[in-house]
Amino acid sequence: MTDHGLTIRAATDADELALGWLSSLDSRPTLRRPALIAERDGVAVAAIALTTGTIVADPFNPTAEAASLLRERRYRLVRQSGDVGHARWLLRRLAPNPAR
């Protein structure tokens, strides 16, 4: 089953609270960027650190598919770039452009 309401995107400065919230729900140290975040209906349900592959997720919501998709997206980004340092450049392409 595919969750069509799930969005995966690059975490931005505005996601710091969401990353901290997910980390605390999952009883893990706060996840740092660069990271990808999975949202369902505009609410963060899981995130993955690009540098380490650490995942944090909301244990009160079904997140297995979100975690799987985050791992796949991270793998593709890291593989495309050759290493995580270049993933920052790729994330800039994924991140929403700030209003100018």
Side-chain angles (χ1 to χ4, degrees):
M1 179 176 150
T2 301
D3 188 346
H4 296 288
L6 194 66
T7 301
I8 296 178
R9 61 176 180 77
T12 64
D13 290 341
D15 295 312
E16 292 299 320
L17 285 175
L19 293 174
W21 176 73
L22 286 171
S23 298
S24 67
L25 282 177
D26 205 10
S27 301
R28 306 285 303 261
T30 300
L31 195 73
R32 301 281 179 218
R33 293 183 300 128
L36 297 174
I37 194 163
E39 293 180 329
R40 185 176 291 117
D41 300 323
V43 176
V45 295
I48 189 169
L50 285 179
T51 54
T52 64
T54 300
I55 290 185
V56 293
D58 180 349
F60 304 109
N61 282 301
T63 55
E65 184 175 8
S68 176
L69 291 172
L70 285 167
R71 283 186 189 100
E72 181 181 343
R73 181 69 59 90
R74 176 187 178 268
Y75 171 79
R76 288 180 184 201
L77 283 170
V78 171
R79 184 166 178 177
Q80 275 182 337
S81 66
D83 69 23
V84 175
H86 295 294
R88 291 178 197 264
W89 177 81
L90 290 169
L91 277 175
R92 282 189 231 127
R93 292 182 10 208
L94 295 173
N97 291 332
R100 294 179 188 194

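Only a predicted model underlies this, so the values are computations on that prediction, with no experimental measurement involved. Each residue takes its place number in the sequence, starting with 1.
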Among Thr7, Val45, Asp58, the one residue meeting side chain to side chain contact (heavy atoms under 4.5 Å, CB included) with Arg40 = Val45

Sub-3.5 Å donor-acceptor pair from the side chain of Ser68 to the main-chain atoms of Ala64, do we have one?
->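 The answer is no, because no donor-acceptor pair under 3.5 Å joins these two groups.
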
Is the backbone N or O of Gly20 less than 3.5 Å from a side-chain atom of Thr30, with the two atoms forming a donor-acceptor pair by type?
->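 No, because the side chain of Thr30 does not come within donor-acceptor range (under 3.5 Å) of the backbone of Gly20.
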
Would you name the heavy atoms of [X] and [Y] that are closest together and state the gap between them?
X	Y	answer
Ile48	Arg74	CD1-CD, 3.6 Å
Ala57	Thr63	CB-OG1, 3.6 Å
Ile55	Ala67	CD1-O, 3.8 Å
Ala49	Leu31	CB-CD1, 3.5 Å
Arg28	Thr54	NH2-CG2, 3.5 Å
Leu19	Ala11	CD1-CB, 4.2 Å

Under a single-linkage definition using a 4.5 Å side-chain heavy-atom cutoff for Ile, Leu, Val, Met, Phe, Trp and Tyr, are Leu69 and Leu50 assigned to the same hydrophobic cluster?
->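 They do share one cluster, since a chain of ILVMFWY contacts under 4.5 Å joins Leu69 to Leu50.
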
So if you build clusters from Ile, Leu, Val, Met, Phe, Trp, Tyr with side-chain heavy-atom gaps below 4.5 Å, do Leu22 and Phe60 land together?
-> yes

With a 4.5 Å heavy-atom cut-off, do Arg9 and Asp15 have their side chains touching?
-> yes

Taken to the nearest 0.5 Å, the spacing of Arg33 CZ from Thr51 OG1 works out to 12.0 Å

